[in-house]
Asks: 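Right, I'll just put the structure down here and ask away after.
Note that these values count all heavy atoms, side chains included, but never hydrogens, waters or copies made by symmetry. Chain identifiers are assigned alphabetically (A, B, ...) following the order of the sequence lines, protein sequences preceding nucleic acid strands; residue numbering begins at 1 within each chain. This is a predicted model, so every value here is computed, not measured.
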Amino acid sequence: MTQLISLLQAGIMFGTVILYGSTGETLTEKSGNLNLGVPGIMYLGGIVGLIGVFFYEMNNPEPNKFVCILIAMVSAFVAAMLGGLIYSVLTVTLRTNQNVTGLTLTIFAGGFANFFGGTLNRLAGGVGQISVSTTSAAFRASLPFAQDLPPLLSMLFGFGFMVYLAIGVALLVNWFINRTSIGLNLRAVGENPGTADAAGIKVTLYKYLATCIGAGISGLGGLFYVMDYTKGTWDADGGIERLGWIAVALVIFSSWNSKRGILGAYLFGLLYWLFFYIPNLTRRSIELFKMLPYLVTIIVLILVALRRRRESQPPGSLGLPYFREDR
Amino acid sequence: METQKTVQKAIQMVNITKTFGEVIANNKINLDIYHGEILALLGENGSGKSTLMNVLSGIYLPDDGHIRVNGSAVLIRSPREAYQLGIGMVHQHFKLVDVLTAAENIVLGLNEHRLLDLKNVRAKVKEICDRYGFVVEPDKKVYDMSVSEKQTLEIVKLLYRGADILILDEPTAVLTPQETEKLFVVMRNMKSDGKSIVFISHKLHEVMEISDRVAVLRKGCFIGDVATKDTNPQKLTEMMVGRAVSLNIERPEPKNQVERLVVKNLTVLDSDGVKRLDNVSFTAYGGEILGIAGITGSGQRELLEAIGGLQPVESDGSIRLILPDGREEELCGKNPLEIYKLGVGLAFVPEDRFGMGLVASMDLIDNVMLRSYKQGKSVFADRKAPKELAEKIVQQLEVVTPSLKTPIRRLSGGNVQKMLVGREIAGNPSLLMTAYAVRGLDIKTTHTIFDLLNEQKQRGVAVIYVGEDLDVLLELSDRILVLCGGKVSGIVDARTAKKEEVGLLMTHLGEEATA
């Protein structure tokens with residue numbers, strides 16, 4: 001029982017990181033932009049959020065918890081949005097290839113983050129020495145009564161606030177896309193920009209906003225990884241990038257529905273950590289188990305392809321640039 | 001005209017000029033549209049009809065001239081501004097989002113409320129439908145709709161946005177005769193409700209049937225307008241073309257008919273296992289034109305592609321080609337290369353000119369060479385013969401092109417089609433298959449193509465003509481094979497058959513076909 005609860009806990013933690021990534025990417029892809037820069041954008045969110053609070057905590061002997069959270073969230077969101085802005089300028093305005101642009105963004109942001117992460121480690125006096133203890137504690141603080149509940153509930157209510165925020169954001173994005181007029185317009189832009197244009201929708205504006213805000217949400221995944229998942233440290237072993245790719249897979253797994261993405265994220269988390277709770281695995285078979293989320297994604301892709309439901313398909317113009325003159 | 005003078009002008013287009021580079025698409029055009037009339041806008045391809053209507057609906061800004069709506073001068077810079085002035089256009093290529101429902105498409109971009117209020121939309125749509133006699137299911141997805149349903153949805157969308165002036169760009173091109181009749185009924189209803197309709201069409205009998213007034217453009221200039229009751233198709237054609245032309249399509253009597261193509265039990269499945277062609281059997285004779293009629297997607301494409309070796313065929317079918325020299329070849333189960341190697345002279349003018357027929361970015365010579373580059377023993381392709389052939393086609397068919405080295409996509413639709421047909425005919429075919437050979441071509445080019453087909457027919461070639469315009473099919477073909485839902489629903493004699501009869505055959509398996 002304790003093992004099961006502990007597996008659930010690990011799965012939810014893991015799932016929260018990729019849920020942010022995939023919710024943001026879902027919003028982006030609904031505008032027809034396929035941003036493969038998600039891992040890079042999560043890197044940006046993670047490192048810039050960390051840098052922000054690192055200097056705040058360094059210069060203030062008694063940092064305020066709420067200011068810590070505010071600085072971390074705002075700097076992570078803005079930095080990730082800037083990543084989305086680079087992507088938008090290149091793909092929407094200059095009409096570069098979306099796949100190539102996204103991949104290079106990942107490579108660029110990975111280098112950027114690990115460079116400053118290393119510098120930060122040196123400033124702090126060595127790997128693992130970065131001290132943003134107040135912020136990290138604030139991110140991880142659970143509800144006061146959580147300790148006194150029975151084990152399962154204690155686990156479910158014992159997470160830091162970003163775990164619950166992720167669910168809220170995913171539901172909000174889903175509601176926005178499907179229930180509001182602007183969401184309808186956004187779907188039209190991603191499906192058929194020519195039609196949207198003729199209906200008087202500002203296609204370029206929608207693409208920019210969806211991509212930048214989507215990137216901001218994805219960036220929060222990186223921040224959660226740094227502050228909560230790795231408890232306020234910086235590791236240069238590419239953990240964020242690995243999870244970033246799983247987030248991209250999750251978008252497909254959830255068939256562009258962020259509500260479905262919530263359960264998918266936790267399922268991926270459970271599958272990813274399953275190996276830890278199965279006794280007597282060798283190193284090699286561990287790697288096989290870590291592959292499960294991708295395997296499940298491929299199975300889902302095959303099922304979706306067989307069912308041929310139009311609603312489960314990617315947005316019609318995903319990955320394609322839009323020229324008005326092409327009409 | 002007496003009654004119209006008392007009616008106020010809804011739209012006045014004054015001195016509209018629009019140029020694209022050096023081409024003058026509209027040259028000082030003056031056009032008035034009155035309240036409560038159906039105005040037919042006639043003109044050949046490239047005469048500037050679409051440009052003029054795109055100016056009115058806010059897609060193009062005119063270089064010169066101005067537009068008055070109900071007497072006051074306005075500037076229309078975008079489709080949205082046109083909507084606000086009550087002007088809406090249904091384009092030939094529908095502007096609908098497939099995965100959205102009818103209601104969602106209708107409110108797209110309007111942002112009436114922050115939250116989607118589809119209940120209200122449904123009620124309003126129902127009101128519009130009841131008023132004019134439309135049938136629209138608000139919750140049906142567009143990808144589940146037929147062409148005619150999509151068109152209805154486009155019109156309802158305009159009415160929902162409060163359009164008083166509706167521009168319909170060749171709305172009947174994709175409809176069956178029965179669907180066209182239904183469209184005309186709602187058009188009349190809208191007219192009696194005071195709406196103005198601009199109706200663009202190539203089909204003169206439809207213009208005569210539905211319109212109150214006809215305006216004619218030629219080469220970017222306004223030629224004149226007449227009340228429909230004071231004119232006839234012959235006069236209208238003269239206004240369009242600028243000289244007297246024979247409207248009749250020639251149909252020489254077939255001679256020396258011999259069996260050329262014998263198709264038996266042909267069945268084609270698509271990748272989903274759905275039957276696109278179901279047990280089709282027929283014979284095409286040398287020296288005749290066999291027309292093939294049917295609603296778009298009834299298996300015409302699959303039939304021609306199966307004969308051409310482009311579609312896998314179920315094994316119990318047979319496609320026998322009997323050559324003039326008595327040789328017999330079975331085409332079933334062979335791919336295009338194997339058929340080519342048989343040397344049977346199979347010529348194919350596909351529906352998709354640039355997708356299958358020609359390579360858009362290659363020049364005229366290279367496109368002609370696509371047919372012949374495998375000939376000869378040398379590893380290098382012979383460029384001389386194709387060059388001469390290209391020159392010959394350009395000369396004989398009066399293809400307008402800057403040079404032989406021009407990428408073929410820069411040519412106009414009619415000239416592209418002339419090159420394609422010219423190339424296919426040049427190989428002395430025994431069987432010539434054409435799909436929608438005159439789609440989008442103007443009257444003059446259309447007749448050139450018909451002449452070419454007739455010439456081949458008289459040479460003893462079996463010509464298969466897949467078409468969408470029933471009037472043309474009835475005038476040009478010797479016999480008509482009607483496809484419905486992948487089945488042959490009838491083969492009729494084109495000289496005696498009635499249009500309604502063919503129209504019924506096209507739909508008589510209706511329920512099965514849509515299921």
Asks: Please check this pair: side chain of A:N192 against backbone of B:V97, looking for a donor-acceptor N/O pair closer than 3.5 Å.
Replies: no
Asks: B:E112, B:R161, B:E104: which one forms the most heavy-atom pairs within less than 4.5 Å of chain A?
Replies: B:E104
Asks: Are there more than 12 heavy atoms of other residues, nucleotides or ligands under 6.0 Å from atom CZ of B:R409?
Replies: yes
Asks: Ignoring hydrogens, what is the shortest heavy-atom contact between B:R80 and A:A199? Give both atom names and the distance.
Replies: NH2-O, 4.2 Å
Asks: Where do A:N178 and B:L116 come nearest, in terms of heavy atoms and distance?
Replies: O-CD1, 3.7 Å
Asks: Would you say B:L100 and A:R187 make side-chain contact, with heavy atoms under 4.5 Å?
Replies: yes
Asks: Which residue out of B:L108, B:L118, B:N111 racks up the most heavy-atom pairs below 4.5 Å with chain A?
Replies: B:L108
Asks: Drop me the distance from B:L115's CG to A:F176's CZ, to the nearest 0.5 angstrom.
Replies: 11.0 Å
Asks: Show the nearest heavy-atom pair for residues B:P79 and A:A198, with the distance to one decimal.
Replies: CB-O, 3.3 Å
Asks: Counting a contact as any heavy-atom pair under 4.5 Å apart, which residues of residues 139-153 of chain B contact chain A?
Replies: B:K141, B:Y143
Asks: Do other residues, nucleotides or ligands put more than 12 heavy atoms under 6.0 Å from B:I24 CD1?
Replies: no
Asks: Whether the side chain of A:T180 engages the backbone of B:R114 through a donor-acceptor N/O pair (distance < 3.5 Å, no angle test) should be reported.
Replies: no
